[in-house]
Amino acid sequence: MKAQLENIYNSAKSDIEKAQSISDIDEIRLKYLSRKGEFNSIKKGLKDLSDEEKRTVGALANQITQDLEGLLKEKFDAFYQKELNEKLQKDRIDITLSGKYIPQGKVHPITSTTNEIVSIFQSLGFSVISPELSPEVETEYYNFDMLNVPKDHPARDVQDTFYLKNMPGAVLRSQTSGAQVHVMENQKPPIKIIAPGRVYRNENVNARKNNFFHQIEGLYVDKNITFGDLKGVLNEFIRIYFGAARPTRFRSSFFPFTEPSAEVDVQCIMCQGKGCRTCSGTGWLEVLGCGMVDVNVLRDVGIDPETYSGFAFGMGVERLSMLKYAIDDIRLYFNNDKRFLEQF
Ligand code: DAH
């Protein structure tokens, strides 16, 4: 019986050595070690042996079974590892493949310039008014009357201002200055605000002028506000906005709602002041109008001009952006040409 056990052991061992796969291993296990396998049928003969033989042959049978289990497991593990490696190799994800291009939108340069200007004024203590105090469809009352603009002023002409056909007295605002009146009607001094927004003018469109554009209105009303405060704030704004020193000039001017009035020009960046198409040969681009709030305007909204004074300004966002980024034509901002917009 010992010899029989050894024979089976040897034949199982050689089968295991020849095995090629996990399923071969399974078959071998079935053939030798299962309940109906060869070992079991021999072990059944144990009961006919003497006690002494039972002990030695039984121990041998157990030893052989254990050895075979060990060999099978070793082989199984090797095949399992090999198959796993092959599978991992086959299913590998190629992370070197480039991703799908998903184009991202960008903030329009007019919006980003507006945001930049707004945050500069915020750093100087101005706050942005709420939009209902600054509507794009305005009445002549706010756009002109309350700003001390005479009834026969040329700016009121249909050649300059868009009137709404079915709404008598309503205009597409030609300036953000009406916001000053709304604010002063709603708030007592001290008032220190800005109001960004779009304005419309019946213009012949050219490199410098479009029939709509964007402004940022500013107003500071308090006790003892002087023209020196106005110059200080605007010079500081220009210094921060342009970074490096840019030639600028304060030029005396006229607006019905300020007295005295001024305009600020910045040297044309396209020609460095030599004169070109963008600045129509002058070497300068006007970027804002400003002045001390006219006493009539203060009085009309019920602010006592004996106690309070103020300055105001209105700046052109497109002009400021053109001067910063050397854009030679205002129309580029509104053509929606992606090649232009993507550069910002
Ligand atoms: N509203 C003027 C314009 O559109 C600009 C302006 C000038 C605004 C003087 C002001 C100001 O607030 O005080 O040309």
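Counting convention: from 1, in listed order, for ligands and their atoms alike. The basis for the numbers below is simple: all heavy atoms, side chains too, and nothing from hydrogens, waters or symmetry mates.
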Around atom CG of Asn85, are there more than 12 heavy atoms of other residues, nucleotides or ligands at under 6.0 Å? yes
Can you say whether the rings of Phe212 and His214 are parallel (under 30°), tilted (30 to 60°) or perpendicular (over 60°)? perpendicular
Under the 3.5 angstrom rule, does the side chain of Tyr325 hit a backbone N or O of Pro109 as a donor-acceptor pair? no
Which label fits Phe126 and Phe121: parallel for a plane angle under 30°, tilted from 30 to 60°, or perpendicular past 60°? perpendicular
Under a 4.0 Å heavy-atom cut-off, what residues line ligand 1? Gln175, Ser177, Gln180, Arg201, Gln215, Glu217, Phe255, Phe257, Thr258, Gly289, Cys290, Gly291, Ala312, Phe313, Gly314
Looking at Val199, is its backbone amide N or carbonyl O close enough to the side chain of Arg173 to form a donor-acceptor pair, meaning the two atoms are under 3.5 Å apart? no
Counting C-beta onward and ignoring hydrogens, is there a side-chain heavy-atom pair between Gln187 and Ile303 closer than 4.5 Å? no
